[in-house]
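A quick write-up on the structure given underneath.
All heavy atoms count here, side chains included; hydrogens, waters and symmetry mates do not. Ligands are counted one by one from 1 in listed order, and the atoms in each one are counted from 1 as well.
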Amino acid sequence: MNLRLSEEQKMVQKTIKKFVEKELMPLENEVLRNEREGKPSLPPGKLEELQLKAKEAGFWGINTPAEYGGADLGNVMLAIVYMEVAKTFVPFKFGGSADNILYYANEEQKKKYLIPTINGEKKSCFAMTEPSAGSDTRNIKMTAVKDGDEWVLNGEKTFITGGNEADFVMVIAITDKEKHKESNGREGVTCFIVDREMGWRSEYIHTMGEWGPAGLVFENVRVPEENILGGLHKGYSLGLEWIGFARWVVGARAVGAAERLLQMAIDYAKDRITFGKPIAERQAIQWQIADSAVEIEAAKWLVLNAAYTLDQGEDNRHLASMAKLFGANMGNRVVDRVLQIHGGMGYTRELPIERWYREARLWRIYDGTDEIQRMIIARNLLKGHVKIGQFI
Ligand SMILES: Cc1cc2nc3c(=O)[nH]c(=O)nc-3n(C[C@H](O)[C@H](O)[C@H](O)COP(=O)(O)OP(=O)(O)OC[C@H]3O[C@@H](n4cnc5c(N)ncnc54)[C@H](O)[C@@H]3O)c2cc1C
């Protein structure tokens, strides 16, 4: 067992760190200013410009297979990269990528959707959640009814990340009501690739975070048969696969953000004098720093194990739930302590802590809430799907 990064991995980490410090962190004040004024965090075209700079540094398609021109870094390296990028709140993501489930596309669909998405010419979103079905994904109501060579989609999706900007959506709908009912929602659902031009519309949802998801409305949207993704009635497992990837990534983001926040708290505690001494000399502050450091480290190893397990081709869902549950909660505890250590300044919009505080709250909700992760972890253990201490 080797618990250290290889020289090559260290080099990738160093390069990303440099990119974040040189290209992203200097934009932080501008991002805060824009958001305070109700404008988009980054001006139009800026994300694409940053993505091209990252490309010059060799970071394009970081999780994209080499046959599609990607760097295909592997999941452990992805985790390291996500942690580094999360050290800034500047909303950045690397170019050259597509959602994991879009690789189930057939040859025609690859030409029409996968390749343009990887090339940055098209934007996608994924829609499972409905007003009456969030955690309870088996309770979706959206229907797709066959009519000749087309399927007619009716229903509503909610909280869809990127739904306002997307050119197409990968949407889950019921295609066989009987099967859906008999299987308690596990079967009889299908994933469709639906272009915006086919007729769905999106509505912005305001949240306590800085960028809102969308509600999507489908009223008799006609979708050609050839736009089924991954096969008829295969939608439920595709949905779970999409969510499964996002889970440990949330943990990785929480680790990166928490590391940066803790450093801010350490710097501030050394500087801030009360009653004649830096607050860093008070045990009350030291314990908050120590607890945060321990929890960050624990979350990091959970995330890395989830990523490593996936790289071995093994089922990482149990670990992904653990990484998400612990990482998201760790992130919330750390940002709260860091805000507390900064006192009144922590609560202002002069500093980005309050922004992270609002963002961190989402980590405990999307891609499966805390309660759902606990349910999965307990079920795996109680039913014997996973043994205690299995993943080493
Ligand atoms: C900003 C944002 C972006 C999102 N992006 C996407 C996206 O891109 N695509 C997509 O499909 N979805 C997306 N979601 C939806 C997200 O995954 C759901 O909000 C989440 O799964 C919770 O569902 P819900 O909001 O319906 O809450 P509910 O399922 O109604 O849950 C309400 C509360 O009850 C608890 N609860 C529910 N069931 C149980 C149970 N059995 N036992 C104990 N407690 C329970 C929950 O944990 C929660 O605390 C997004 C959500 C947000 C807020």
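For ligand 1, none of its N or O atoms has an N or O atom of Leu362 under 3.5 Å away. Ligand 1 has no nitrogen or oxygen under 3.5 angstrom from a nitrogen or oxygen of Trp242. Considering both main-chain and side-chain atoms, Tyr366 never comes within under 3.5 Å of ligand 1 through any nitrogen or oxygen pair. Of the N or O atoms in Ser135, one or more lie within a sub-3.5 Å distance of an N or O in ligand 1. Remark: ligand 1 and Ile372 share no N or O pair separated by less than 3.5 Å (distance only, no angle test).
By the 6.0 Å contact criterion, CD on Gln9 is enclosed, its count of non-hydrogen atoms from other residues, nucleotides or ligands being greater than 12. Within 6.0 Å of CD on Glu37 lie more than 12 heavy atoms contributed by other residues, nucleotides or ligands. Within a 6.0 Å sphere centred on OH of Tyr204, heavy atoms belonging to other residues, nucleotides or ligands number more than 12. Surrounding CD of Gln312 are more than 12 heavy atoms belonging to other residues, nucleotides or ligands, all under 6.0 Å away.
For the residues Gly212, Gly134, Gly163, the heavy atom positioned nearest atom 21 (O) of ligand 1 is part of Gly134.
Scanning all protein heavy atoms for the shortest distance to atom 3 (C) of ligand 1 gives Thr161 OG1, 3.3 Å. Nearest protein heavy-atom contact of atom 51 (C) of ligand 1 is Phe159 CB, 3.4 Å. Looking only at protein heavy atoms, the nearest one to atom 43 (C) of ligand 1 is Glu371 CB, 4.0 Å.
At least one donor-acceptor pair closer than 3.5 Å links the side chain of Trp200 to the backbone N or O of Asp195.
In the vicinity of Met375, heavy-atom distances shorter than 4.0 Å reach the ligand 1 atoms 41 (N). Taking every heavy atom of Asp367 and a limit of under 4.0 angstrom, the matching atoms of ligand 1 come to 17 (O). For ligand 1 and Phe126, the ligand atoms under 4.0 Å from any heavy atom of the residue are 7 (C), 8 (O), 9 (N), 10 (C), 11 (O). Close approach of ligand 1 to Ile160 (heavy-atom distance below 4.0 Å) involves ligand atoms 7 (C), 8 (O), 9 (N), 10 (C), 11 (O). Ligand 1 places these atoms under 4.0 Å from at least one heavy atom of Ile365: 20 (C).
Neither the backbone nor the side chain of Lys157 comes within 4.0 Å of ligand 1, counting heavy atoms alone. Counting heavy atoms under 4.0 Å from ligand 1, residue Thr369 touches it through the side chain alone. Residue contacts with ligand 1 for Thr207 are absent, since no atom lies close enough (heavy atoms, distance under 4.0 Å).
Nearest heavy-atom pair, Leu351 versus His342, reported as atom, atom and distance to 0.1 Å: CD1-CD2, 3.7 Å. The minimum heavy-atom distance linking Pro26 with Lys22 is given by the pair CG-O, 3.2 Å.
One side chain, Asp267 or Gln263, offers a donor N or O that lies under 3.5 Å from an acceptor on the other. Under 3.5 Å, the side chains of Asn316 and Tyr308 contain no donor-acceptor pair of N or O atoms.
Put simply, atom 49 (O) of ligand 1 has protein non-hydrogen atoms near it, under 4.0 Å away. Remark: atom 29 (O) of ligand 1 lies closer than 4.0 Å to at least one protein heavy atom. For atom 35 (C) of ligand 1, the nearest protein heavy atom lies 4.0 Å away or farther. Within a 4.0 Å radius of atom 32 (C) of ligand 1, the protein contributes no heavy atom.
The aromatic rings of His318 and Phe391 sit parallel, their planes meeting at an angle under 30°, below the 60° perpendicular limit. Using cut-offs of 30° and 60° on the angle between ring planes, the pair Phe59 and Phe94 is tilted.
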Checklist entry - Please walk me through it: do Lys112 and Glu226 pass salt bridge (charged side-chain N to carboxylate O under 4.0 Å, His left out)? => result CA-CA 11 Å; Lys112 215 168 153 195; Glu226 67 251 29; 5.8 Å; no
